[in-house]
Amino acid sequence: MSEVSEARTSPERQGLTPRQARHVRIALSAGIMIAVGAVLVLRLGSTHSVLTLGFYGMALILSGSALVLSRAGRTRWATLVLGVGVAVAIVAEWAVAAMR
């Protein structure tokens with residue numbers, strides 16, 4: 001019976017701890033911000049479009065927002081904001097480029 005009570009008191013935990021998840025999402029947000037900034041510089045070198053600046057600026061703002069949300073412990077919202085925001089910015093920029 002002692003084995004059963006030990007199993008109930010110390011269950012095996014799967015996945016990351018909340019603190020580890022926050023750190024992973026903070027690092028991911030920072031990495032995406034750096035990548036978006038680099039792509040913005042490259043895109044502005046090849047085309048001088050206000051829409052391009054707006055789309056990548058929006059992606060930078062959303063990456064920063066995800067970083068702040070992660071620090072506040074809202075890691076699921078941070079992931080949603082980061083993924084959807086960057087995807088919308090990339091698709092919108094691609095759609096504008098395809099119209100030219």
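Computed from a predicted structure; not experimentally measured.
Every residue meeting the side chain to side chain contact (heavy atoms under 4.5 Å, CB included) condition with R74, not counting sequence neighbours, appears here in chain and number order: L69, W77. Legend: residues meeting salt bridge (Lys or Arg N to Asp or Glu O under 4.0 Å) with R43, ordered by chain and number and at least two apart, are E93. For V84, the side chain to side chain contact (heavy atoms under 4.5 Å, CB included) partners two or more places apart in sequence, or in a different chain, are L80, V88.
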Could you give the side-chain donor-acceptor pairs of residues 53-68 under 3.5 Å, partners two or more places apart or in another chain?
| residue | atom | partner | partner atom | Å |
| --- | --- | --- | --- | --- |
| S63 | OG | A59 | O | 2.9 |
| S65 | OG | I61 | O | 3.0 |

Going by atom type alone, with no hydrogens or angles, which donor-acceptor pairs under 3.5 Å involve a side-chain atom of residues 26-33 and a protein atom two or more places apart or on another chain?
| residue | atom | partner | partner atom | Å |
| --- | --- | --- | --- | --- |
| S29 | OG | R25 | O | 2.9 |

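Hydrophobic cluster of M99: no remaining members, since no ILVMFWY side chain lies below 4.5 Å from it.
Distance CZ/R22 to CG/L16: 11.5 Å, rounded to 0.5 Å.
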